[in-house]
Amino acid sequence: MTESTYLAMTMAGAGVAPAPTERPIPQPAADEAIVRVRATSMNYHDLVNLMGLLAGPWPRVPMSDGAGEVVAVGSGVSNVVVGDRVFGAFHPGWPAGRPTPAGKKHMPGDSCDGWLQQFQPFPASALIRTPKHLSDVQAAALPCAGTTAWSALEMGHVGAGDVVVTQGTGGVSLLGLQLAKARGATVILTSSSDSKLEFGKTLGADHGINYVTTPDWEREVRAITDGRGADVVLDMGGAQTLAHSIRATRMDGSVAIIGVLSGFGDAAIPVSVAMMQNIRLVGITVGSVRDHAGLSAAVASAGIVPPVSHVLGWDETPEAMRLMQANEHLGKIALEIP
């Protein structure tokens with residue numbers, strides 16, 4: 001590496017482990033900023049990508065989330081300046097409003113190079129200043145998981161006195177817990193591990209349900225809520241959890257369909273329950289740049305710190321993948337960029 005080059009961890013093809021490649025340090029286009037990347041974090045989406053299961057151009061740099069500081073800006077950029085600490089939106093082409101195919105087309109790490117590199121040219125309009133109380137590692141844990149949780153709570157209009165159920169102890173679930181508590185909601189957390197439920201309670205969870213020892217956990221949700229059900233359920237499992245989530249939701253409540261952690265198969269759902277209870281089923285795919293900004297403001301206002309259980313070197317993506325597949329993490333797994 002020379003003074004005019006940098007290193008990027010590049011996937012040469014589907015399922016090929018990222019390896020360092022030398023690239024010339026980029027110059028910003030008129031609407032771009034160049035970010036000196038300090039950290040990225042792994043999402044389930046990144047795991048699937050690293051396994052070679054997502055189509056896209058090859059070679060490419062993986063990882064959808066990242067944070068660092070601005071080192072150069074293009075001539076038309078006014079929202080960030082050199083020296084700003086920033087983190088990038090998951091959907092840089094979706095500024096606000098309803099999702100469209102065009103807005104969701106480009107995703108870092110998939111359709112274009114992601115954040116597992118030392119320098120990242122990025123649309124300046126899709127960069128948000130990092131909350132001052134967060135490190136770059138913590139900020140890198142927010143874009144996908146945090147914006148997804150924020151969008152789910154916004155969709156359900158969650159406020160004080162509402163009841164939110166969130167599943168598991170991954171990034172989306174634990175950030176959903178923290179954001180819901182900041183809104184004044186009661187939070188019920190589900191997990192297969194009693195120790196992880198106890199960790200969730202340290203973040204503010206009001207109730208914990210072990211879905212292994214209580215497989216029909218929706219009945220416990222009903223009992224906790226005096227038969228009413230939850231206002232919003234963040235469904236992370238997909239095929240094996242969606243029916244339970246519907247039955248755990250109150251009349252005129254909402255289920256945010258977020259994850260497919262139990263598999264990509266079709267879900268058998270209680271259609272009559274969803275119909276008679278007027279339950280809304282809404283798919284959530286992260287959110288817009290405006291949602292990302294809303295998340296950042298909420299995190300800054302409430303002083304939320306995203307849980308990061310493992311911080312690895314950027315060349316340790318195989319270990320990060322192993323940790324996620326083994327479900328050994330709590331919250332997020334981060335990679336530092338040297």
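Both backbone and side-chain heavy atoms feed into the values below; hydrogens, waters and symmetry mates do not. All residue numbers in this chain count up from 1 along the given sequence.
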Looking only at side-chain N and O atoms, does Asp235 offer a donor or acceptor that is under 3.5 Å from a partner on Thr241?
yes
How far apart are the C-alpha atoms of Gln277 and Thr249, what are their side-chain angles, what is the distance that settles it, and do they pass the side chain to side chain contact (heavy atoms under 4.5 Å, CB included) test?
CA-CA 9 Å; Gln277 295 293 312; Thr249 304; over 6 Å; no
Any sub-3.5 Å donor-acceptor pair from Ser151's side-chain atoms to Val286's backbone N or O?
yes
Give the intermediate values and the outcome of ring-ring contact (aromatic ring centres under 6.0 Å, His included) for residues His244 and Tyr211.
CA-CA 10 Å; His244 296 280; Tyr211 62 78; 9.1 Å; no
Are Gln167 and Leu234 close enough that some pair of their side-chain heavy atoms sits under 4.5 Å apart?
no
Give every donor-acceptor pair under 3.5 Å between a side-chain atom in residues 183-192 and any protein atom, sequence neighbours left out.
from   : atom 1 : to     : atom 2 : distance (Å)
Arg183 : NH1    : Glu154 : OE2    : 3.4
Arg183 : NH1    : Val158 : O      : 3.1
Arg183 : NH2    : Glu154 : OE2    : 2.7
Ser191 : OG     : Ser193 : N      : 3.1

NZ/NE/NH1/NH2 to OD/OE distance under 4.0 Å, Asp206 and Lys201:
no
Quick one: pull up CG in Leu134 and CD in Gln138 and give me the separation to the nearest 0.5 Å.
5.0 Å
Take Asp113 and Arg23 through the test salt bridge (Lys or Arg N to Asp or Glu O under 4.0 Å) and record every step on the way to the result.
CA-CA 12 Å; Asp113 284 337; Arg23 295 182 171 191; 2.7 Å; yes
Is the terminal nitrogen or CZ of Arg60 (NZ for Lys, CZ for Arg) located under 6.0 angstrom from the six-membered ring centre of Trp58 and within 45° of that ring's axis?
yes
Can you confirm whether more than 12 heavy atoms, excluding those of Arg322, are under 6.0 Å from its CZ atom?
yes
Say whether, by atom type as modelled, one donor and one acceptor occur between the side chain of Gln118 and the main chain of Pro338 under 3.5 angstrom.
yes
With salt bridge (charged side-chain N to carboxylate O under 4.0 Å, His left out) as the test, pick out the partner of Glu69 among Arg85, Arg129, Arg38.
Arg38
Can a donor-acceptor pair be found between the side chains of Asp46 and Asn49 at a distance below 3.5 Å?
no
Parallel, tilted or perpendicular, judged at 30° and 60°: which one describes the rings of Tyr6 and Phe119?
perpendicular
Within a radius of less than 6.0 Å around CZ of Arg290, do more than 12 heavy atoms belonging to other residues, nucleotides or ligands occur?
no
Between side-chain atoms of residues 95-105 and protein atoms elsewhere (two or more places apart, or another chain), which donor-acceptor pairs fall under 3.5 Å?
from   : atom 1 : to     : atom 2 : distance (Å)
Thr100 : OG1    : Gly103 : N      : 2.9
Lys104 : NZ     : Thr285 : OG1    : 2.7

Parallel under 30°, tilted from 30 to 60°, perpendicular over 60°: which one fits the rings of His292 and Phe87?
tilted
Please table the atom pairs, donor to acceptor, closer than 3.5 Å between any side-chain atom in residues 301-311 and protein atoms at least two apart or in another chain.
from   : atom 1 : to     : atom 2 : distance (Å)
Ser309 : OG     : Leu330 : N      : 3.0
Ser309 : OG     : Leu330 : O      : 3.3

Under a 3.5 Å threshold, yes or no: a donor from one side chain and an acceptor from the other, between Asn278 and Asp252?
no
State, without any angle test, whether Thr214 and Glu220 hold a side-chain donor-acceptor pair at a distance under 3.5 Å.
no
